[in-house]
Amino acid sequence: MSLMYNLESTWLSLKHHAFRSLLAMLGVVLGVAAVVGMLAVSEGAKRESINRIQQQGVDNIILHSEKPRINESGGEAIFFYGISKNDIAHFNSVFENVKTVVPIVEIRHKSIYVNGRPSDVILAGTTPEFLTVSRSQNADPRGRWLVDTDCILSEMVCSVGVDAARQLFGLEDPLGKTVSVGGTTFKVVGLLKNPLRSKLAGKNDINNMVFVDYETLLSIFNRDFMAVEANYVYVQVENLDYLKNTAGRIRTYLSEVHELPDYTISVPYELLLAEQATQRVFTIVMGSIAAISLLVGGIGIMNIMLANIYERTKEIGTLRALGAPKQTILVQFLFEAVTLTALGGLIGVGIGFLIAVLIKHAAAMPTIVTPGSVIVALTVSILTGIIFGTHPAWKAASLSPIEALRR
Amino acid sequence: MSLIQLQGISRVYGSGKTAVHALRSADLRIEKGTFVAIYGASGSGKSTMLNMLGLLDEPTAGSYWLEGRNVANLSDKERSYIRCRKVGIIFQSFNLFPHFSILENVCMPMRFAGLERKEMLARAAELLDRLGLGSRLKHSPSQLSGGQCQRVAIARALANNPAVILGDEPTGNLDEKTGDEMIGIFHELVAEGRTVVMVTHNAEYEKEVQRVIELHDGTVVRQ
């Protein structure tokens, strides 16, 4: 039987029972809309959290120095704490699977002065590998990032984050200018940009900091000023597969060497895995809701199809008398059911899309309607039509012609 | 060879004590190009006989030869195939499809026969024109009178150029004058060499037809 005929007869039937068909479709429409809308919200949240985690670098293990609370130290005052240079040397020399270890030390209680004006930009000391580990770039081709010779020669140079440069120098060209901290001046030799707008260990915006060589900074601001040798240490691993193992070894080592819990370890990759696990649970919950709503929708479709068939029994008998085989009747009613659910699915996707846009603007939550969710929603609505349309269609096809004509 | 030959056809509905014998071992021959009326009181089995002839029902026993082929006990697909091409059925209450135009109504059997759309529309228009409805092709059945509807039904029955036209009380819902018009059309069809078999309980049509088959309680009592 031709597609044309099925389209035509379906169209006429839908037109004839427009309101009834719409009501029957409603279950599928709302089910699909809810699924598409909720998936958009979950996808948006997922992308956002994954982005946040990836900004810190999935191949990094990040150590923070934390000042222990007084009661943890047994009332003893603490002057020095956190990850030490010894620890860093140990990571570099003993552990396998460690690509680089990048310490970062911040000068917290001294302001950076430019032309005698103070600012709240933070000065930090780090090693040249910081550039790659933090996924940053040298923003100005005329300038440069820190190099190993800066350490050897104790060069008084710095690289300024792009946002810090704007804050410190305004519209002036920062290259060649100087900044001073605690009576020491550094010459600006480069501009640093972090395209991901990452925050250092999730706290300070890299683009809003000034970086100088790690050893140089430590030798100038010695222990008179600083309680820590590194505020953060980024340990970048060679192979992600062994990241968990490496993190475990670092944990064990630090717990043995440090008497007090003066450090924390965060592993973005583990956070990512945990996030993905949460997402899986969410997806299962979503899937169950979708299944239930489509089940309800499917029952609605089955109901209206049975009513349609009851109403059109005589028509079915006539079609059979004119020479339509069972198969034609079966296909005709199945086609009608699938059209109803597919149409419901399409309307549902439209409404789901609107819901996503509304949530985005009203609740300021990121929402993303993925092509995947639309395809799944439509496929499932068509499947619903096939599953719940088969019984009524089969019933229609199985009517004996004389029984049907007697109505 | 007769166009239609029934041999010992019987039809029993139900079983055991409640069994209803609608047809009891009927033997019948109908030659090509005759106008036959099946006559009988209600419950005499005349509708069952027509359903048998139209392959809408299967006999409990016996054989049905249509154009030399035994068509009793075929599969649904085969019976539909023959019903579509060899038999045209006209109903008492017309049974037109109310949401389709009369042109589309006439096209319906041709769709099942798998004709090209163009061919189908041309033939449907030609048939309707012949039956005096050429100017109303796009009308829906509800816009037509009973007589006009039955003409559409006749056009539809003729669509696949069948050997037999079966009428189930085709004049039952029409007034006398319109009914006579229908009989006139049937005469024309018979003159063309078609075979028309009409079920009726109206004895008046006995004079009009070439042959009367009378049924009583499932048995052929006159032929």
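Naming convention: chains lettered A, B, ... in sequence-line order (proteins, then strands); numbering from 1 in each chain.
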Worksheet item: Where does Leu405(A) contact chain B at under 4.5 Å (heavy atoms): side chain, backbone, both or neither?
Response: side chain

Worksheet item: Which bit of Arg312(A) comes within less than 4.5 Å of chain B, counting heavy atoms only: side chain, backbone, both or neither?
Response: neither

Taking all atoms of both residues into account, what is the closest heavy-atom pair of [X] and [Y], and its distance?
| X | Y | result |
| --- | --- | --- |
| Phe112(B) | Leu322(A) | CD1-O, 3.9 Å |
| Ser93(B) | Lys314(A) | OG-NZ, 3.2 Å |
| Ser80(B) | Ala324(A) | OG-O, 3.8 Å |

Practice prompt. Pick one of side chain, backbone, both or neither for Arg156(B), based on which atoms fall under 4.5 Å of a heavy atom in chain A.
Written response: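 For Arg156(B), the side chain is the part near chain A, not the backbone.
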
Discussion item. Using heavy-atom distances under 4.5 Å, tell me whether Glu104(B) contacts chain A through its side chain, its backbone, both, or neither.
Written reply: side chain

Nearest 0.5 Å, please: how far is [atom2] in [Y] from [atom1] in [X]?
| X | Y | atom1 | atom2 | answer |
| --- | --- | --- | --- | --- |
| Asp57(B) | Glu403(A) | CG | CD | 9.5 Å |
| Phe97(B) | Thr318(A) | CZ | OG1 | 5.5 Å |
| Ile402(A) | Thr48(B) | CD1 | OG1 | 7.0 Å |
| Arg111(B) | Glu8(A) | CZ | CD | 5.0 Å |

Got more than 12 heavy atoms from elsewhere within 6.0 Å of [atom1], [X]?
| X | atom1 | result |
| --- | --- | --- |
| Gln327(A) | CD | no |
| Glu116(B) | CD | no |
| His216(B) | NE2 | no |
| Phe100(B) | CZ | yes |
| Tyr310(A) | OH | no |

Worksheet item: Of all of Ser9(A), Gly317(A), Ser13(A), Ala321(A), which one pairs up most often with chain B through heavy atoms under 4.5 Å apart?
Response: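 When all of Ser9(A), Gly317(A), Ser13(A), Ala321(A) are compared, Ala321(A) has the most.
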
Practice prompt. Kindly say whether Lys326(A) contributes a backbone atom to a donor-acceptor pair with the side chain of Asp76(B) at under 3.5 angstrom?
Written response: yes

Item to complete: Select, from Ala113(B), Cys107(B), Pro109(B), Gly114(B), the one with the greatest count of heavy-atom pairs under 4.5 Å involving chain A.
Response: Pro109(B)

Worksheet item: Can you name the residues that form a side-chain hydrogen bond (donor to acceptor under 3.5 Å, both in side chains) with Asn308(A), not counting sequence neighbours?
Response: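 For Asn308(A) the side-chain hydrogen bond (donor to acceptor under 3.5 Å, both in side chains) partners, ignoring immediate neighbours, are Arg20(A), Glu336(A).
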
